[in-house]
Amino acid sequence: MPMQPNRSASGIIRRLRDDGFTVNIPEEPYRRIYQLRLSRGLYFGTLDVSADKGRALRITLTWQLNHSTRKCSGATHIIGLLNCLPEQGWDN
């Protein structure tokens with residue numbers, strides 16, 4: 001079954017791609033979640049999308065140089081994290 005994200009999740013995926021992230025979408029869900037792998041320069045992470053309703057559930061992004069990680073849940077909080085994502089990573 002191919003992933004069918006809802007409007008909010010589609011917007012987040014589009015935003016990530018527009019911001020230069022590579023978004024790898026798996027062929028099949030793991031249990032009930034599609035775990036999309038994200039990477040851009042020294043950032044890497046995952047975006048979990050519900051297989052049933054296509055909702056963006058949570059995101060985890062890590063800056064590789066100091067391994068600082070930001071996590072949040074829900075579409076509104078994910079968009080907020082993307083709005084304040086610095087180019088050069090986070091301080092610990």
Side-chain angles (χ1 to χ4, degrees):
M1 141 174 112
M3 186 179 77
Q4 297 177 352
N6 67 9
R7 189 172 60 160
S8 295
S10 293
I12 291 169
I13 293 167
R14 190 176 328 104
R15 167 79 184 272
L16 286 164
R17 287 182 172 150
D18 290 347
D19 286 351
F21 278 88
T22 300
V23 180
N24 295 315
I25 301 172
E27 296 288 324
E28 296 292 323
Y30 174 73
R31 297 187 181 176
R32 301 175 74 89
I33 294 174
Y34 283 96
Q35 191 169 59
L36 287 63
R37 288 172 297 165
L38 312 172
S39 62
R40 179 186 85 183
L42 295 174
Y43 282 108
F44 67 92
T46 60
L47 173 65
D48 295 341
V49 177
S50 164
D52 295 333
K53 296 190 178 189
R55 293 181 182 149
L57 301 174
R58 69 190 71 79
I59 193 169
T60 302
L61 286 174
T62 300
W63 176 249
Q64 292 182 40
L65 293 181
N66 62 5
H67 297 286
S68 60
T69 300
R70 297 293 187 267
K71 300 176 184 181
C72 60
S73 299
T76 304
H77 294 250
I78 292 170
I79 292 168
L81 175 67
L82 296 178
N83 284 341
C84 65
L85 188 68
E87 285 294 319
Q88 296 301 317
W90 297 286
D91 296 329
N92 271 344

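Each residue takes its place number in the sequence, starting with 1.
- Taking Thr22 as the reference, Asn24, Ser39 meet the side chain to side chain contact (heavy atoms under 4.5 Å, CB included) condition, with sequence neighbours excluded.
- Among residues two or more places apart in sequence or in another chain, the side chain to side chain contact (heavy atoms under 4.5 Å, CB included) test is passed with Thr46 by Gln35, Asp48, Thr60.
- Leu61 places a side-chain heavy atom less than 4.5 Å from the side chain of Phe21.
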Atom pairs and distances, donor-acceptor, side-chain atoms in residues 78-86, under 3.5 Å, two or more places apart:
{"residue": "Asn83", "atom": "OD1", "partner": "Arg15", "partner atom": "NH1", "Å": "2.9"}
{"residue": "Asn83", "atom": "OD1", "partner": "Arg15", "partner atom": "NH2", "Å": "3.1"}
{"residue": "Asn83", "atom": "ND2", "partner": "Ile79", "partner atom": "O", "Å": "3.4"}

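- By the 4.5 Å side-chain criterion applied to Ile, Leu, Val, Met, Phe, Trp and Tyr, Leu57 is assigned to a cluster that also includes Ile33.
- Hydrophobic cluster membership differs between Val49 and Tyr30, with clusters built from Ile, Leu, Val, Met, Phe, Trp and Tyr side chains linked at under 4.5 angstrom.
- The two residues Gly41 and Gln64 make their nearest non-hydrogen contact at O-NE2, 3.9 Å.
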Report all side-chain donor-acceptor pairs from residues 2-9 shorter than 3.5 Å, counting only partners two or more places apart or in another chain.
{"residue": "Asn6", "atom": "OD1", "partner": "Ser8", "partner atom": "N", "Å": "3.2"}
{"residue": "Asn6", "atom": "OD1", "partner": "Ala9", "partner atom": "N", "Å": "2.8"}

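- Qualifying salt bridge (Lys or Arg N to Asp or Glu O under 4.0 Å) partners for Arg32, counting only residues two or more places apart in sequence or in other chains: Asp52.
- More than 12 heavy-atom neighbours from other residues, nucleotides or ligands sit within 6.0 angstrom of CZ on Arg40.
- Exactly one of Ile13, Val23, Thr62 qualifies for a side-chain contact (heavy atoms from CB on, under 4.5 Å) with Leu38. That residue is Val23.
- Distance check: Ile25 CD1 to Leu36 CG gives 5.0 Å after rounding to the nearest 0.5 Å.
- Residues passing the side chain to side chain contact (heavy atoms under 4.5 Å, CB included) test with Arg14, sequence neighbours excluded: Ser10, Asp18.
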